[in-house]
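To start, the structure under review is shown below, and the notes come after it.
Keep in mind that what you see is a predicted model, and the values were worked out from it rather than measured.
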2 protein chains.
Amino acid sequence: MTSSSADPGSLRPGGRTARVRAAVLQAAGDALAEGGLAGLDLADVARRAEVGRTTVYRRWGTPANLVADLLADMAEQSLPRTETGTLLGDLRANARLVQRTLADPRQGALFKAVIAAATCDDQAAAALRRFYDTRVTEWEPCARQAVERGELPAGTDTREVVRAVSAPLYYRLLTTGEPLDEAAAERAAVAAAAAARAGAFVSEAPEAP
Amino acid sequence: MTSSSADPGSLRPGGRTARVRAAVLQAAGDALAEGGLAGLDLADVARRAEVGRTTVYRRWGTPANLVADLLADMAEQSLPRTETGTLLGDLRANARLVQRTLADPRQGALFKAVIAAATCDDQAAAALRRFYDTRVTEWEPCARQAVERGELPAGTDTREVVRAVSAPLYYRLLTTGEPLDEAAAERAAVAAAAAARAGAFVSEAPEAP
DNA sequence: GTCATAACGGGACTCCCATTCCATTAGTGG
DNA sequence: CCACTAATGGAATGGGAGTCCCGTTATGAC
């Protein structure tokens with residue numbers, strides 16, 4: 001037999017197929033933002049997207065798969081980082097970006113739902129990891145430049161510095177009811193910078209045996 | 001009419017009712033650890049607990065309610081903190097405790113599932129907040145004592161210091177595939193201590209107008 | 001010990017999610 | 001522009017989760 005069933009949408013990705021995917025992902029995002037992962041009913045998504053139920057079930061199958069595809073789509077829309085010339089300035093810009101994203105009602109709910117999906121399904125978890133890899137890779141240079149400038153000790157795990165900015169913001173989003181305000185972003189940036197300067201993220205001996 | 005329907009289990013909480021609750025919560029924890037929130041089927045929980053389906057539906061109704069009750073139960077089993085005499089020592093002890101808990105296959109999966117539930121349901125979210133309030137209140141004194149000792153600047157938000165230890169560990173658990181090892185706990189403790197010493201968690205002017 | 005009734009448990013019922021079948025629509029290569 | 005078929009969408013089907021009814025069990029008060 002020939003290439004009989006290479007999942008739908010891959011052989012004729014143009015025109016209608018692309019429109020359907022865009023509409024479904026948009027609808028899925030809306031549904032997630034409104035009702036969380038529990039509110040993600042594929043039939044409901046189909047209705048919102050004005051697309052046949054069958055199509056959604058055939059192309060995505062499960063809520064987790066749909067979330068995984070949504071994440072892949074989100075990863076492609078990575079924003080360029082801003083450069084300020086100092087570590088604290090760069091981390092502050094990153095913290096503000098993350099804080100604004102998570103504080104936004106739609107985006108915040110969406111991220112919560114996406115993280116919830118990742119705890120249930122391996123495929124969604126893998127997609128989530130790729131998403132954050134992309135984001136960290138985008139921002140990691142700001143820590144690397146700080147090392148080159150001498151602001152941070154040699155041997156600093158630069159990716160870990162960037163993650164240290166996001167961590168408290170996500171922690172607050174998920175475990176407390178307190179609002180994600182500008183002060184929280186500032187604290188996150190200052191704390192990460194201070195910890196990095198103190199060498200908290202130095203993994204091994206800098207160099208030379 | 002008299003007090004007709006003050007939810008089941010409240011008027012005769014002794015004997016069988018208590019046994020049923022214990023068995024159901026145990027089974028719910030097992031189910032969550034195995035299949036995540038998605039794998040939490042009330043009928044399945046009833047089967048595991050060797051309890052009638054009707055009972056589970058009547059007393060808890062929804063997966064989210066069941067998770068909320070499970071969290072209330074978990075909050076009661078708070079572990080006493082250890083005191084080492086120094087801020088870093090105390091934070092390290094806390095970090096190791098959190099790290100060991102999250103690294104444990106059953107507990108780790110359980111916490112992931114519980115957080116997922118909190119993103120979907122307000123009642124579960126409130127229960128989760130209470131749980132972390134309890135834990136933070138248990139450990140907050142270690143930061144307060146550090147302020148009294150002069151290790152930390154006056155005006156430090158002591159609860160925020162404790163949360164700063166947990167944040168990177170939870171962030172790693174939820175967003176990366178990397179293992180939660182001892183090194184991660186050490187980094188978390190050192191980073192939180194360094195940030196606190198640098199005054200990252202000072203919220204307002206210490207005192208005096 | 002005895003009684004009233006809170007709480008439990010089995011079985012039947014309903015409803016909605018997910019799958020399957022087939023006709024219709026519209027990309028893509030010639 | 002035409003033919004081929006990938007992809008979609010509507011309708012019928014099946015299965016499993018959640019609800020309801022009512023008899024049974026055992027708690028707690030007297």
Q: Tell me, yes or no, whether the heavy-atom count around Glu182(A) atom CD, taken from other residues, nucleotides or ligands under 6.0 Å, exceeds 12.
A: no
Q. How are the rings of Phe111(A) and Tyr132(A) set to each other: parallel, tilted or perpendicular (split at 30° and 60°)?
A. tilted
Q | Sugar-phosphate, base or nothing in reach of Arg19(B), heavy atoms under 4.0 Å | A | sugar-phosphate
**Q.** Arg21(A) CZ to dG27(C) C1', straight-line distance once rounded to whole Å
**A.** 18 Å
Q: Flag yes if more than 12 heavy atoms outside Arg129(A) fall under 6.0 Å of its CZ atom; otherwise flag no.
A: yes
Q: For side-chain hydrogen bond (donor to acceptor under 3.5 Å, both in side chains), just list the numbers for Thr156(B) and Arg144(B), CA-CA rounded to whole Å, side-chain angles, deciding distance to a tenth of an Å, and then say yes or no.
A: CA-CA 8 Å; Thr156(B) 294; Arg144(B) 194 151 40 78; over 6 Å; no
Q: Rounded off to whole Å, could you give me the CG-to-C1' distance for the Leu42(B) and dG16(D) pair?
A: 13 Å
Q: Quick one: label Thr17(B) by what it contacts on the DNA or RNA (base, sugar-phosphate, nothing), any heavy atom closer than 4.0 Å.
A: sugar-phosphate
Q | Separation of dT14(C) P from Tyr57(B) OH (nearest whole Å) | A | 18 Å
Q: Rounded off to whole Å, could you give me the CZ-to-P distance for the Arg16(B) and dA6(C) pair?
A: 14 Å
Q: To the nearest Å, give me how far apart CH2 (Trp60(A)) and P (dG9(D)) are.
A: 10 Å
Q: May I have the distance from Asp41(A) (atom CG) to dA18(C) (atom C1'), rounded to whole angstrom?
A: 10 Å
(Q) Could you tell me how far apart Arg59(A) (CZ) and dG9(D) (P) are, to the nearest whole angstrom? (A) 10 Å
(Q) Let me spell it out: for each of Arg53(A) and Arg58(A), pick the nucleotide of DNA chain D with the closest heavy atom. Which residue's pick is nearer the 5' end? (A) Arg58(A)
Q. Looking at the side chain of Thr55(A), which of dG9(D), dC8(C), dA26(C) is the nearest nucleotide?
A. dG9(D)
**Q.** Spacing of Asp44(A) atom CG relative to dA18(C) atom C1', expressed in whole Å
**A.** 15 Å
Q.
If you only use heavy atoms from C-beta on, which nucleotide in dG11(C), dA11(D), dA17(D) is closest to the side chain of Thr54(B)?
A. dG11(C)
